[in-house]
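Throughout, a chain's letter reflects where its sequence line sits, starting with A, and its residues are numbered from 1. Reckoned from all heavy atoms, side chains included, excluding hydrogens, waters and symmetry mates.
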Protein chains: 2
Amino acid sequence: MDAGALRRRNLSAVLDLVHRHGGVTRADLTRALGLNRSTIGDLVAVLVEHGWVDERDDAPRSGVGRPSPRVAPSDTRVVAAVNPELDVVDVALVSLGGQIVARRRVDLDHVPTVAETVTLTSHTVRELAADNPGVEVLAAGVAVPGLVRGRDGHVRLAPHLGWREEPLAAPLSVALGMPVAASNDAHLGCRAEQTFGAGVGTGTMLYLNGGPSGIGGGLVVDGRPMDGTAGYAGELGHLGLDPEGPACACGARGCLEALAPRDALVQAVGLEHPDDDALEAALVAAVADEVGGDAARAEVARQLRWLGIALRGAINLLNPERIVLGGHLAALWRCADESQRASLIADALPASAAEVTIEPAALGSQRLLIGAAELAWDGLIAAPIDAVQGAAVATA
Amino acid sequence: MDAGALRRRNLSAVLDLVHRHGGVTRADLTRALGLNRSTIGDLVAVLVEHGWVDERDDAPRSGVGRPSPRVAPSDTRVVAAVNPELDVVDVALVSLGGQIVARRRVDLDHVPTVAETVTLTSHTVRELAADNPGVEVLAAGVAVPGLVRGRDGHVRLAPHLGWREEPLAAPLSVALGMPVAASNDAHLGCRAEQTFGAGVGTGTMLYLNGGPSGIGGGLVVDGRPMDGTAGYAGELGHLGLDPEGPACACGARGCLEALAPRDALVQAVGLEHPDDDALEAALVAAVADEVGGDAARAEVARQLRWLGIALRGAINLLNPERIVLGGHLAALWRCADESQRASLIADALPASAAEVTIEPAALGSQRLLIGAAELAWDGLIAAPIDAVQGAAVATA
DNA sequence: ATGTATTTGTTGGTTGACACAACGTATCAC
DNA sequence: GTGATACGTTGTGTCAACCAACAAATACAT
């Protein structure tokens, strides 16, 4: 590593801290990075000069001494976040600091193709940029419900959307004129929760998301997202738990996904196409209903049992610090009683079980877009100076 | 990160390359690290000056141009590696470069206590050092068959040895007068295979070891050992595969360890207390025996099926580049036919399954000691200059 | 044998990033 | 106000890595 790389690394570390905390004082930066005050001053000055951050005098007073200015993320630099789904393409502009600046859900009466997704996204990003004068869109990230090769953002298989072996990041990058990265939606949900949600500050974390099309997940190891060799890690839905269990869409038997499907919960509460919030509310109500809640209670207990077996394996394998549950798995968690919650990890090895905490996801429906934005920010935060000089920048 | 840290990092990177390859040319170092020739020259000079490496003219000639001297690890700097087991304390001195310089197995007629292990180790290390004049023993690493808290080398539980909540690294460090680290034996086997064995060069790797006391394992993520939050990761033996399966020593049901025990293979071939090599040979012979091999074939097939279900889950969860099998799991692999080998990963998601290769472990009975030595080298390689100035050094 | 191309080590000077010390400045407590 | 505290600012110093020019050692062609 040469001296230039050292500078890039430190600039990157400062920008990353500002991003994660949505603004920190210079004094905080000095403490967090262990660098000299004058060096921090210099680094911040470079970032200000390049337009990444602003210095403001609105930091909370923390005691005696000269107050330290707050280094705040620029509110004009944004990235685009995209999430194609069954009947909608969800697009947002997300600022440094992880705030959604603008969002538009483009409803469709059919499942989008890749080509449609590219053109729709491209139009929508331009519209959003036009509606928000002054913002610069620097890069884009896509959350895809399926297996995505991380290296080049190529979609291997998105069964839900009917996509198979389709390049996605490359054509979208051409259409938008900016760098584009794509990844699996659950991975990005995991990233979002780890950066801004229920997993803030954790080193090793496991995220499981239950959705209509199955159970996906993501892993964070030593504070960094772990995507596996090609980007396909985190498929917790396909842990084999019961050789005699029901057949799974993946071809095997007794996967967690087949044993704890969202549909079964929806049926148990008698709703049609509820969103996650509605399902959770109905489930909590049904479980609390002493008279008519038997079916719901039974299904919840059944799914919690399988979830516990899956978590046992994952905890023993990974010794995580935290497990974050999203989607219908969060709903299960919320309507479980204390003993059910305890039994979720009861069968794991005690040493590992003692250190793990389980939390429901915190970011709700913004999760995937924030995660996709994180993916887009990656390259920019890693090399903030090169990025400004080198990248194609779309300005409204 | 300041300039001093940069220097330390680069020194450390050079020393690490020399360690992993047992010697590299200066030209190789410039290519691998991307630093200037003069910088590499400087870094190597510092390491030579501090006694970590020697420069020799015995590099293989690689073509035209001035030959580059070989930077070889010092053969006098060693660490101690220790592996307490049921009826033996195995101790070795391991050089930079991963070579076992000296080894002594201290046989016992009983299971050693922690206190015995400490005194036996301490004596044996001094003896080995005395037998090898000139070597400096700089640190020690212990491979423990049980759960070890990585932070402080405290043994949470080693059922095999009857140890429970016993400090180990701390008293041994006092006895030896040098830094001591301890970790789980399967973790260290994993490290050894990843550094010098069947996993060299892999980014994400999974290691499973089958032994008389169960199935353990280790993980490597992005080229670095992944120990989990407290050091208990890698317990692949306790993936729950069958809710109706046999009870496991851990208290749960249907763990891989309970479904594919070494004992069952030993029984199937009718041996008593064979070592891994003997078991493997007998198993291969029995499976090839058309007349009398039915019992062995059946048990091998049964265990391979369960191993496949476990690997399915692990592959889907981690998308590893390589899976390394040790102990009786390697024996299973060696006597499996092509179709059985293929079916091991057949049920995993195709995208992940396509990228993974399975290999039997390569380092045999040296694995644990080499891994324990790696643990000891960690701190020294991370800060080679500070280590020499600061550490207590035992000289023969 | 000789010369040329190629690769690498060596040397002295230069650049750049961060540290340090001294000083200036803004707040709090009294 | 006054002192204590904490922090930003400025100029100087140090150290690590780079660079360019040169020297050395090999392979290969003639």
So does A:His21 have more than 12 non-hydrogen atoms from other groups sitting under 6.0 Å from NE2?
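Result for NE2/A:His21: open.
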Can you sort out which residues in residues 34-48 of chain B have a heavy atom within less than 4.0 Å of DNA chain C? Ascending by number, please.
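Within residues 34-48 of chain B, the residues near DNA chain C are B:Arg37, B:Ser38.
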Hey, can you pull the residues of residues 65-73 of chain A with a non-hydrogen atom under 4.0 angstrom from DNA chain C?
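Output list: A:Gly65, A:Arg66, A:Pro67.
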Heavy-atom closest contact ([X] atom, [Y] atom, distance):
X	Y	answer
B:Ala59	B:Thr25	CB-CG2, 3.8 Å
B:Ala376	B:Val79	CB-CB, 3.8 Å
A:Thr204	A:Val221	OG1-CA, 4.3 Å
A:Ala362	A:Ala198	CB-N, 3.8 Å

Any chance you could measure [X], atom [atom1], to [Y], atom [atom2], to the nearest 0.5 Å?
X	Y	atom1	atom2	value
A:Met1	A:Leu6	CE	CG	6.5 Å
B:Leu96	B:Ile381	CG	CD1	5.5 Å
A:Arg367	A:Leu188	CZ	CG	11.5 Å

What pairs with [X] under side-chain hydrogen bond (donor to acceptor under 3.5 Å, both in side chains), at least two apart in sequence or on another chain?
X	value
A:Asp42	A:Arg7
A:Thr39	none
A:Arg9	none
A:Gln194	none

Identify the 5'-most and 3'-most nucleotides of DNA chain C with at least one atom closer than 4.0 Å to a non-hydrogen atom of chain A.
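Listed 5' to 3', the contact boundaries are C:dA17 to C:dC28.
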Which part of the nucleic acid does A:Gly63 contact within heavy-atom distance under 4.0 Å: base, sugar-phosphate only, or nothing?
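Contact class for A:Gly63: sugar-phosphate only.
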Sequence neighbours excluded, every pair satisfying salt bridge (charged side-chain N to carboxylate O under 4.0 Å, His left out) that has a member inside residues 375-385 of chain A:
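Applying salt bridge (charged side-chain N to carboxylate O under 4.0 Å, His left out) to every pair that reaches into residues 375-385 of chain A, excluding sequence neighbours, yields A:Arg191-A:Asp378.
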Do any pairs count as a side chain to side chain donor-acceptor pair (under 3.5 Å) and have a residue in residues 219-229 of chain B, sequence neighbours left out, and if so which ones?
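Qualifying pairs, neighbours excluded: B:His187-B:Asp227.
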Take the C1' atoms of the five end pairs on each side of the helix from C:dA1-D:dT30 to C:dC30-D:dG1, derive the two axes, and give their angle rounded to 10 degrees.
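Its terminal axes enclose an angle near 20°.
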5' to 3' on DNA chain D, which nucleotides open and close the contacts with chain B (atom under 4.0 Å from a heavy atom)?
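It runs D:dA16 to D:dA27.
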Strand-adjacent residues in residues 12-33 of chain A, judged by heavy atoms under 4.0 Å from DNA chain D:
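Under 4.0 Å from DNA chain D: A:Arg26, A:Ala27, A:Arg31.
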Is the shortest side-chain heavy-atom distance between B:Met178 and B:Leu138 below 4.5 Å?
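Side chain of B:Met178 against side chain of B:Leu138, heavy atoms only: no contact under 4.5 Å found.
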B:Thr357, B:Val200, B:Val220 screened by side chain to side chain contact (heavy atoms under 4.5 Å, CB included) with B:Met205, the one that passes:
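The side chain to side chain contact (heavy atoms under 4.5 Å, CB included) with B:Met205 is passed solely by B:Val220 among B:Thr357, B:Val200, B:Val220.
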Under the criterion side chain to side chain contact (heavy atoms under 4.5 Å, CB included), I'd like the reasoning laid out for B:Val71 against B:Arg26: C-alpha separation, chi angles, the key distance, then a yes or no.
CA-CA 7 Å; B:Val71 182; B:Arg26 275 163 69 166; 3.7 Å; yes
Taking the nucleotide of DNA chain D with the nearest heavy atom to each, does A:Glu55 or A:Asp2 sit closer to the 5' end?
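Nearer the 5' end of the strand: A:Glu55.
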Using heavy-atom distances to pick each residue's nearest nucleotide on DNA chain D, tell me which of A:Val64 and A:Ala3 is more 5'.
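So the residue in question is A:Val64.
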Carefully, step by step, assess B:Val94 and B:Glu374 under the rule side chain to side chain contact (heavy atoms under 4.5 Å, CB included).
CA-CA 9 Å; B:Val94 184; B:Glu374 285 304 291; over 6 Å; no
